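Presented below is the structure to which this report refers.
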Amino acid sequence: MSDAPADKGLSPAQIARQIDASLPRLRTDYVDLYQAHRFDLRTDRGHHRGLCSANGISQIVWSPLAQGILTGKYKPGQPVPEGSRFASEEMSVSKDLLYSDAALEAVQRLVPIAEEAG
């Protein structure tokens, strides 16, 4: 991979490019598992032209704090804090899955319980 914009992310084209580049180095015609380090909503769930038997994500515990939502730092009706994960375009890929006023309001109801528990 490189710093070129086309060499980033887990788009189907990018994954196919990287598998194609890896096959000669691995001296094989296919890989059993294409393992990515992080989850990417753009990842193709298919099997990449038959070059890969399965896809995987290497992070076993993907986000125990729901990408920071469970910390209470995100408040309903307020903009995301500067410097937070959801303020970053690159790190906020799961925002649409997790971030909602209903979720933020539920977390705010839990804040006093968490504070009491220490």
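Since this is a predicted model, take the numbers as computed values, not measurements.
Residues meeting the side chain to side chain donor-acceptor pair (under 3.5 Å) test with Arg27, sequence neighbours left out: none.
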Problem set entry | Pair Val80-Lys95, side chain to side chain contact (heavy atoms under 4.5 Å, CB included): steps then yes or no | CA-CA 11 Å; Val80 298; Lys95 185 177 179 184; 4.1 Å; yes
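With rounding to the nearest 0.5 Å, the separation of OG1 in Thr28 from CG in Leu23 is 6.5 Å. Interatomic distance, CG of Leu98 versus CG of Leu104, reported as 10.0 Å (0.5 Å rounding). Expressed to the nearest 0.5 Å, how far CZ of Arg85 lies from NZ of Lys73 amounts to 7.0 Å. To the nearest 0.5 Å, the span separating OG on Ser22 from OH on Tyr34 amounts to 7.5 Å.
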Which pairs would a plain distance check flag for residues 107-118, meaning a side-chain donor or acceptor within less than 3.5 Å of a matching protein atom at least two apart in sequence or in another chain?
unit_1, atom_1, unit_2, atom_2, d
Gln108, NE2, Gly72, O, 3.3

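Residues in residues 90-118 take part in these ring-ring contact (aromatic ring centres under 6.0 Å, His included) pairs, two or more places apart or across chains: Tyr74-Tyr99, Phe86-Tyr99.
Leu65 is not listed as a side-chain neighbour of Ile69, based on a closest heavy-atom distance of 4.5 Å or more.
Minimum interatomic distance between Ala87 and Pro81 (heavy atoms only, all atoms of both residues): CB-O, 3.5 Å.
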